[in-house]
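To find a chain, count down the sequence lines: A is the first, B the second, and so on, and within it residues start at 1. Below, each value reflects all heavy atoms present in this structure, side chains not excepted, and no hydrogens, waters or symmetry copies.
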Amino acid sequence: MPETARDYRSTLNLPKTAFPMKANLAQAEPITVANWESEGRYDSLMKATAGAPSFVFHDGPPYANGAIHVGHMLNKVLKDFIVRGQIAAGSHCPYVPGWDCHGLPIEHKVMVEVFKDAKAEKLATLSDSVRRMAIRRECKASAEKFMGLQAKQMKRLLTLADYEHPYATMQPEYEAGTLENFATLVEQGLVFRQLKPIHWSIANRTALAEAELEYEDREDPSVFVDFEATDAAAVGNAFGAEVECTPSFMIWTTTPWTLPANLAIAVHPRLEYSLVHLDGALCVVASALLQRVVAAIGAESVKVIAVGPGANLVGLKYRHPFMDRESPVVAAEYVTTEDGTGLVHTAPGHGEDDYRTGRANGLEIYCPVQGDGTFDDTAPEWLRGKTVWEGNPLVIESLRQSGHLVHTAMFSHSYPHDWRSHTPVIFRTTEQWFIGVDRPMRRDGRTLRQAALESVEKSISFVPQWGHNRLRGMLESRPDWCISRQRSWGLPIPSFAFPDGSVLLTPASIRAVAVAVRARGSDAWFTEEPAELLATYDASKDPDAPEGLTVATLTKMYDIFDVWFEAGSSWHSVLRQRQLGFPSEVYLEGSDQHRGWFQLSMLPALGVTGRAPFNTLLTHGFIVDKDGRKMSKSLGNALEVEDLLKDFGADVCRWWVSSVAYDGDIRMDKEHVRLAGESYRKVRNTLRFLLSNLDGFTPAGELPQIQPTSLDAWALGELHRTGSEVTAAFRAYDFRAAHLAIFNFCNDTLSSIYCAAAKDRLYCDAKNAPRRRCTQAVMHECVRRLCALLWPILPHTAEEAWRALAASSGESATAAGVDMAAMLELGKSGSAGSSPNNSAPDARWPAVLLTRASVLRALESAKARGIENPLDAGVRIADPQGLWQPFAADLADLFGVSRVELLASGEGIEVTDLRSEPRCERSWRRDASVRTRSDGGVLSDRDAAAVGVV
RNA sequence: GCGCCAGUAGCUCAGUUGGCUAGAGCACACCCCUGAUAAGGGUGAGGUCGAAGGUUCGAUUCCUUUCUGGCGCACCA
């Protein structure tokens with residue numbers, strides 16, 4: 001035996017691969033994206049799957065405003081799992097990304113950022129339609145800019161979609177589709193015009209949305225007013241008391257100018273009210289507020305006559321203090337005892353609550369205030385032509401003179417103001433367009449609400465299940481849908497006004513405008529005359545047109561659609577118009593869309609087609625921070641997608657997405673993504689190890705025959721089981737289960753067990769030894785299948801590995817791309833859960849692995865005896881029944897020890913100390929065959945043969 | 001205020017129709033390997049299942065209340 005051990009390193013088959021350990025995703029992925037784009041990857045995949053059954057999947061449009069945030073990332077990546085999962089499973093799954101482009105947030109932003117200072121002043125001087133077009137041009141530019149930005153970011157997330165032909169709600173053909181839907185809804189009798197109170201800016205003569213309001217403190221005169229009952233005795237009866245004079249209902253308000261429009265007093269039915277003498281006057285006040293009222297008005301003598309519930313007051317009548325009318329006391333649940341008297345002045349034309357109360361009680365929706373803030377001719381003479389702010393003191397003075405004013409004082413409160421002019425806004429009723437949810441449809445007499453509830457119950461499936469209750473609850477309680485907005489940036493509601501103020505909006509007239517819009521876009525509404533817009537309209541053939549209609553007398557009206565109506569028409573404007581199939585198999589959005597896109601797509605579709613536009617509603621929760629709190633810029637806990645991509649890469653972000661339980665809130669933190677990165681590296685390194693042992697290996701078509709009791713059979717069996725699990729998980733949209741199955745396969749089956757056990761034969765067997773070749777064949781199969789399974793989740797990494805695999809066997813190593821067709825084929829065969837022409841692994845394998853666990857524990861405790869390296873150990877297992885005998889060939893590798901002996905008698909596991917036995921200089925094993933060879937080296941039989949010595 | 005949902009080891013999650021000492025992975029500790037090496041392997045510690053009541057022989061699992069958080073809706077006359 002020589003002094004120094006021979007170096008047999010060069011005689012080994014050591015791992016070798018170009019597949020790097022470090023993924024370098026942040027740099028590599030943009031190149032992948034560019035390659036996909038230049039080679040037309042989306043189109044070629046569509047072509048490759050052209051004949052396959054279609055899976056209809058429709059994208060909900062994000063709002064084209066700002067960069068994408070982590071919520072978009074979650075949503076788009078989940079959608080991509082579906083798209084790629086379907087393609088990998090052999091379906092044809094076209095996917096058109098879309099954007100919601102119209103609406104207030106963009107207009108608001110343009111008004112703030114573009115039309116400021118001098119530009120804003122100049123804008124104000126323009127005529128209405130010129131001004132609208134100026135705003136619309138800027139809005140369109142903004143929407144286009146953000147569509148471009150978001151598309152770029154979405155591509156960077158490695159999502160697969162028809163980015164060459166996206167849809168946008170502002171595209172002419174999309175707009176035309178929306179109008180066609182609207183025409184059908186009108187035809188079905190669902191559209192009507194009605195008064196509704198809205199925030200109104202007098203300064204700008206426009207309706208304002210919540211986003212355009214700023215709440216500022218303001219002082220207003222508050223007044224306590226007595227409304228005299230018309231029937232004293234009835235009031236007495238309500239309280240079960242005798243009354244000797246006319247009682248009054250005392251109300252309180254901070255907007256005296258709304259008193260002309262008072263049409264009711266609201267009381268809470270279960271609140272207690274008092275009939276009380278206050279300084280001689282008999283009035284009704286909520287008992288809980290009596291002390292405060294007394295203090296406020298400074299009453300000196302207080303005498304409670306009787307008390308009773310508000311319910312008893314309902315139906316009583318009172319006389320308006322200065323208008324010639326009698327109005328009722330009504331019940332309302334929202335009445336509180338926080339301020340005032342517990343009797344609420346109700347003007348249905350001047351408040352949201354009041355409006356609802358008015359409608360519920362059949363009151364007129366009366367609004368004597370005009371757009372310029374002045375009273376109209378229906379107001380008392382002394383108010384006509386005065387503004388509401390001039391009206392306040394006039395009303396108070398009138399009340400004082402007629403003796404109805406009990407008390408007045410200035411009251412400071414937070415009040416909504418116009419964000420631009422900083423002037424206070426008022427509530428004012430205006431005519432708005434509605435889609436009625438309780439109106440019978442011409443088609444079958446059902447209402448939208450009935451139809452919607454029926455599909456929720458019968459034909460839609462929900463993932464997760466609770467979406468069912470949520471959507472049903474919302475449908476049960478939703479009011480009619482107000483679809484009109486008084487803005488510029490949107491699709492006009494194509495209604496025309498006759499000189500007498502009546503309105504033309506018939507299915508035929510809408511369809512005629514749709515033709516114009518399809519050709520020239522919705523700008524046409526602002527730039528063309530009614531005659532041009534209605535060029536294809538023939539009133540004589542329109543059964544709904546009024547007699548003797550002359551287009552020349554019509555004027556355009558300028559309401560636009562609620563953007564939700566546009567987004568809610570996408571199933572028609574995209575799926576049906578582009579012939580992609582209808583309905584969509586799934587809609588996948590955040591849980592906020594039960595109120596939004598889910599519901600507002602469903603209603604038009606039910607009205608137009610009679611069915612919902614989707615079969616399954618898949619919802620995900622919201623991303624919250626690591627403490628479960630909402631992410632927001634102001635809290636400073638928001639994560640930026642750009643940062644995540646830069647720090648971790650898209651594949652790691654996608655790997656993280658696939659790992660979360662997406663129903664319910666999703667906690668997210670950089671640390672979580674970093675952890676996902678760790679587990680990604682595990683998968684990557686496993687692939688790398690496999691690839692590095694396939695250098696120069698060319699698979700021989702089919703796998704070799706494999707013994708069921710061999711390690712290879714077990715690994716192959718696990719591979720197939722994993723494949724079936726992953727495919728089933730994708731079918732159930734349970735990406736997390738797929739993620740876990742893949743990870744466990746890589747981490748346990750391969751890295752911890754199979755690869756560790758296979759090292760010896762891979763490195764030390766002769767290059768062409770059948771045992772080594774067999775294991776390589778199985779590993780080759782593992783890489784192929786893993787690539788196919790990983791592709792929907794980690795498209796970049798899967799393709800990178802696929803390329804490396806091709807390179808290892810020298811085949812198509814020059815091809816820039818991946819042989820997608822082969823990968824897709826593989827996905828298809830995998831989905832069938834096939835096991836190739838090899839026999840299944842032996843049924844005793846689970847037991848063998850349990851034994852392995854026991855052996856490992858025994859080896860651990862043997863460390864105390866100084867046997868620290870498993871290759872210094874041998875294992876004796878009692879096997880009287882000969883159970884382990886068939887596995888004998890692989891047991892030593894499986895346990896990582898030098899030698900395993902099966903004993904015909906005895907019991908248990910014994911670890912033997914082999915440190916005194918010679919160690920093979922090549923394989924480092926203390927195999928029983930190790931001895932000095934002809935070259936002077938100390939080798940085992942196998943190694944001697946591999947090196948070619950005896 | 002109303003509706004829906006969630007609350008299990010430091011973190012991400014499993015826990016079938018209530019039933020054996022509540023399970024994984026990561027992180028952590030200790031050890032091995034140095035021929036997957038800015039890798040790989042082994043062993044181990046760690047939880048009164050948000051809280052309080054109740055039903056039951058028995059509850060993480062069913063009921064009630066409550067706390068915390070999320071989404072949606074309403075409200076401030």
Side-chain angles (χ1 to χ4, degrees), chain A residues 8-9 12-17 21-22 215 222 251-255 258 266 332-336 338-347 350-354 356-357 413-415 427 464 466-474 476-479 590-596 619 621-630 656 659-661 663-669 671-672 674-676 678-679 681-682 685-686 688-693 736-737 739-740 743-744 747-748 751-753 755-756 759-760 762-764 853 856-857 859-861 863 867-872 896 922-924:
Chain A
Y8 287 100
R9 201 170 198 281
L12 296 169
N13 309 300
L14 290 180
K16 183 185 165 200
T17 179
M21 181 180 285
K22 194 170 175 339
Y215 286 77
S222 72
I251 62 99
W252 177 78
T253 181
T254 54
T255 52
T258 61
E333 293 286 332
Y334 57 78
V335 175
T336 66
E338 273 171 32
D339 279 309
T341 63
L343 292 95
V344 177
H345 150 57
T346 299
H350 288 299
E352 186 71 36
D353 262 347
D354 305 44
R356 241 192 306 281
T357 302
H413 59 159
S414 157
Y415 192 86
F427 257 106
W466 54 258
H468 173 266
N469 283 341
R470 191 173 162 87
L471 186 58
R472 190 186 56 196
M474 287 178 175
E476 279 167 350
S477 63
R478 74 149 301 134
S591 60
D592 56 334
Q593 300 302 332
H594 285 107
R595 172 63 67 185
T619 46
F622 275 66
I623 294 193
V624 294
D625 73 8
K626 64 177 180 345
D627 302 315
R629 277 163 212 287
K630 178 157 75 172
W656 172 78
S659 76
V660 301
D663 53 327
D665 304 337
I666 300 146
R667 287 172 193 244
M668 186 180 196
D669 188 64
E671 180 63 13
H672 299 167
R674 195 187 66 74
L675 254 35
E678 299 272 320
S679 99
R681 279 167 60 205
K682 184 72 183 211
N685 271 321
T686 305
R688 179 167 184 269
F689 180 82
L690 298 175
L691 286 165
S692 69
N693 282 291
R736 179 181 160 72
H739 172 107
L740 287 174
F743 180 78
N744 287 335
N747 191 39
D748 299 345
S751 185
S752 163
I753 304 177
C755 294
K759 276 184 190 177
D760 176 75
L762 288 167
Y763 299 170
C764 305
L856 293 179
R857 273 191 298 273
L859 284 168
E860 190 69 18
S861 48
K863 282 179 181 171
I867 311 172
E868 293 191 321
N869 185 341
L871 284 177
D872 289 338
R922 186 163 176 274
S923 67
W924 302 336

Which part of the nucleic acid, if any, lies within reach of A:L12 when heavy atoms closer than 4.0 Å are counted: base, sugar-phosphate only, or nothing?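 Contact class for A:L12: base.
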
Could you check whether A:R674 gets within reach of a base, just the sugar-phosphate, or nothing at all, counting any heavy atom under 4.0 Å?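 No contact.
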
Presence of [X] side-chain N/O under 4.0 Å of [N] phosphate oxygens OP1/OP2:
X      : N      : value
A:K682 : B:rG41 : yes
A:R478 : B:rG3  : no
A:N869 : B:rC31 : no
A:Y415 : B:rC76 : no
A:S752 : B:rG40 : no
A:R9   : B:rG35 : yes
A:K22  : B:rA38 : no

Expressed in angstrom and rounded to an integer, what is the separation of [X] atom [atom1] from [N] atom [atom2]?
X      : N      : atom1 : atom2 : answer
A:F622 : B:rC5  : CZ    : C1'   : 13 Å
A:W656 : B:rC26 : CH2   : C1'   : 16 Å
A:I623 : B:rA6  : CD1   : C1'   : 16 Å
A:F743 : B:rU12 : CZ    : C1'   : 12 Å
A:E860 : B:rG42 : CD    : C1'   : 5 Å

Could you tell me whether the side chain of A:R470 has a donor or acceptor atom within less than 3.5 Å of a complementary atom in the base of B:rC71?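 Flag set: donor-acceptor pair detected.
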
Got a donor-acceptor pair under 3.5 Å from the side chain of A:S751 to the base of B:rA36?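 In this structure, the two groups form a donor-acceptor pair.
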
Return the 5'-most residue of the pair A:V660, A:T253 with respect to RNA chain B, ranking by each residue's nearest nucleotide.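 The answer here is A:V660.
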
Any stacking of A:W924 on B:rG35, going by centres under 5.5 angstrom and planes within less than 30 degrees?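 By the stated criterion, A:W924 and B:rG35 stack.
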
Give me the atom names and distance for the closest heavy-atom approach of A:R667 to A:H672.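 Smallest interatomic distance, heavy atoms only, reads O-ND1, 3.4 Å.
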
In the structure shown, which nucleotide is the Watson-Crick or G-U wobble counterpart of [N], with both distances under 3.5 Å?
N      : answer
B:rU60 : none
B:rC49 : none
B:rG23 : B:rC13
B:rC30 : B:rG42
B:rU37 : none
B:rC2  : B:rG72

If you check every side-chain atom of [X], which of [options] has the closest atom?
X      : options                : result
A:N685 : B:rG40, B:rU43, B:rC4  : B:rG40
A:D592 : B:rC71, B:rA38, B:rA77 : B:rC71
A:L856 : B:rG70, B:rC31, B:rG42 : B:rG42
A:R595 : B:rG72, B:rU43, B:rC32 : B:rG72
A:M474 : B:rG72, B:rG69, B:rU43 : B:rG72

Among A:D354, A:I251, A:T254, which one satisfies side chain to side chain contact (heavy atoms under 4.5 Å, CB included) with A:H345?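 Among A:D354, A:I251, A:T254, the one that satisfies the side chain to side chain contact (heavy atoms under 4.5 Å, CB included) with A:H345 is A:I251.
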
First locate atom CG of A:L762, then atom CG of A:L12, and finally report the distance between them rounded to the nearest 0.5 Å.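 Answer rounded to 0.5 Å: 11.5 Å.
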
Side-chain ion pair, A:R674 and A:E678, N-O less than 4.0 Å: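 Answer for the salt bridge query: yes.
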
Distance between the [atom1] atoms of [N] and [M], in whole angstroms?
N      : M      : atom1 : value
B:rC57 : B:rA74 : C1'   : 48 Å
B:rU21 : B:rA36 : C1'   : 39 Å
B:rG7  : B:rU60 : C1'   : 12 Å

